[in-house]
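Beneath this line is the structure, given in structure tokens, with notes to follow.
Labels below follow one simple rule: chain letters A, B, ... track the order of the sequence lines, proteins then strands, and each chain is numbered from 1.
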2 protein chains.
Amino acid sequence: MSDEPRARRMAPDDRREAILDAAQALFMERGWEAVTVADVLKAAAISKGGFYHHFTAKDDLLAGIVTRMTGQALAAAEVVRAETRGDALARLNAFLAGSIRWKADNVREMRLFAELLTRPGNDLLHRRIFDATAGVVVPVLERLVDEGVAEGTFNVADARLTAEVIVRLAEGRQEVLSQAMTLAAAGKLDRGAEALDARMRAEGAVCDRLLGLPPGSVLLSNTKDYRRMLVGLTAATGQGTNP
Amino acid sequence: MSDEPRARRMAPDDRREAILDAAQALFMERGWEAVTVADVLKAAAISKGGFYHHFTAKDDLLAGIVTRMTGQALAAAEVVRAETRGDALARLNAFLAGSIRWKADNVREMRLFAELLTRPGNDLLHRRIFDATAGVVVPVLERLVDEGVAEGTFNVADARLTAEVIVRLAEGRQEVLSQAMTLAAAGKLDRGAEALDARMRAEGAVCDRLLGLPPGSVLLSNTKDYRRMLVGLTAATGQGTNP
DNA sequence: CTACATACCGACCGTCGGTCTGTAAGCGGG
DNA sequence: CCCGCTTACAGACCGACGGTCGGTATGTAG
């Protein structure tokens, strides 16, 4: 690195983002545990001193990635908080539909997410991301449930626990998504989308029960968007048509 | 260590257990991440060479602790598998009651578990323990649910998902248990036991819904045993009357 | 131009998990 | 008893790792 010119000075936020970009790509490729600070330095073309000027420790990188990964949850929670039209069920379904559409529309981010969460050595990252996301979404969902109960739309044993269980469904979903992606990559797109849709339908049925709703109230079935999502996820994995 | 006599030779299983005992105590006290192999060597009074004769890597210690921690789940799953009397609901309630009683009867193990899972730096250990436990319990519970559906006792959207959700309830429970312990330690035992019982009642209600049962079918309320458990957990924390 | 704040550099450090050569304990057989 | 063998145990050594620290250079303001 002594042969190379000294890195140009950048605004602190920009430099920090550049380092996080480099780190993120490495975590996706090799997992948090396997990636060293030296790896990140090389990828970001910066010195050790330069790195530690912006981050207090390697763990700070983790916090930065977690913040990025939970950005969409924050945005979605904000939409729910701001929305006042319709009863609680309509708002819940709007939130869920928005989440599905966001995923189908943003396959690049989804691929990022999927790769980060399934890569061995990212358990800590996975845990942190999930905790941070749940920390944001559960209180918002709890309030929505409370409002639904107050207006007579929902009937629950415990709003907090109900919100928590709904959010935790996402944990088991990762495995089904991985399997769907495997099927899609093997040329069985329809079967993959169907498997994912079946899982989401079952989750919808679980939500109906938790919220004391008639069957079919919570709408998570959406084969079209799941097909779209899988196409994007597996195309990115295969050909690298979009970087 | 050169001033000390060479450690007496032990049977491989005994030595391995002794090392795991030492490691476990350290993880409880300081968390996996903060504990080094050198710390374990000192606590176990063994050399590096001796240690690496029995364990291939530090991570092997983690695997050993996880196996220990999931021992009770294995035993409980075996009981469920072996039990053929009564319908599926009776067997489910017997399983759950047995689990609660085991916890109330084994406060030493419970304290171990609680301290391990709440100690900062044990995220990886927590994750591994949970995954291993779920890996054992979910298939057994799934089969029980299937049998309940077949005999007309249960009505579920998806047996696998239902089993998974029930098992995942345990994740959120840790926080409530911590709070109950804090209350009990502050002299508010009744409030602690009540809080824990309320959580378990809510969980029972969630299970009722998931399994398509009338309210009050799944029995998780048990203030007496929760009091007993909290007494044991907080006595051990406070006075050290039993080591 | 100078002064200053701060972004950046890289040599250095101690700690860490793991390796490897050597020693000794303990058992079984003659 | 002695010998041979297996293997449990010892500790010096190693390279990689995260982080520190003294120094340099960039860019802005006056």
Exercise. When the distance from CD1 of A/Ile46 to C1' of C/dT6 is rounded to whole Å, what number comes out?
Worked result: 13 Å
Exercise. Atom NZ of A/Lys42 to atom P of D/dC17: distance rounded to whole Å?
Worked result: 11 Å
Problem set entry | Among A/Thr36, A/Val40, A/Asp21, the one residue meeting side chain to side chain contact (heavy atoms under 4.5 Å, CB included) with A/Leu26 | A/Val40
Exercise. For B/Asp39 and C/dT15, what is the distance between atoms CG and C1' respectively, to the nearest whole Å?
Worked result: 11 Å
Exercise. A/Leu41 has an atom CG; how far is it from atom C1' of C/dA11, in whole Å?
Worked result: 14 Å
Exercise. Taking atom P of D/dG27 as reference, at what distance in whole Å does atom CZ of A/Arg15 sit?
Worked result: 11 Å
Exercise. Between B/Asp225 and B/Arg228, does at least one N-O distance fall below 4.0 Å, as a salt bridge requires?
Worked result: yes
Seminar exercise, completed: A/Glu33 atom CD is separated from D/dC17 atom P, nearest whole Å, by 13 Å
Exercise. Does the pair A/Lys58/B/Glu33 count as a salt bridge with the N-to-O cut at 4.0 Å?
Worked result: no
Problem set entry | Annotated protein contacts, base or backbone, on nucleotides 18-28 of chain C with a non-hydrogen cut-off under 4.0 Å, one of B, S, - each | BB---BSBS--
For this session: Go through the side-chain N and O atoms of B/His54 and B/Glu17 and say whether any donor and acceptor fall under 3.5 Å apart.
Result: no
Exercise. Roughly how far apart are B/Tyr52 OH and B/Asp60 CG, rounded to 0.5 Å?
Worked result: 10.0 Å
Exercise. So, is B/Ser47 near the phosphate of D/dA10, with a side-chain N or O under 4.0 Å from OP1 or OP2?
Worked result: yes
For this session: Ignoring backbone atoms, establish whether B/His54 has a side-chain N or O less than 4.0 Å from OP1 or OP2 of D/dC9.
Result: yes
Exercise. Does any non-hydrogen side-chain atom of B/Arg160 lie less than 4.5 Å from one of B/Val138?
Worked result: yes
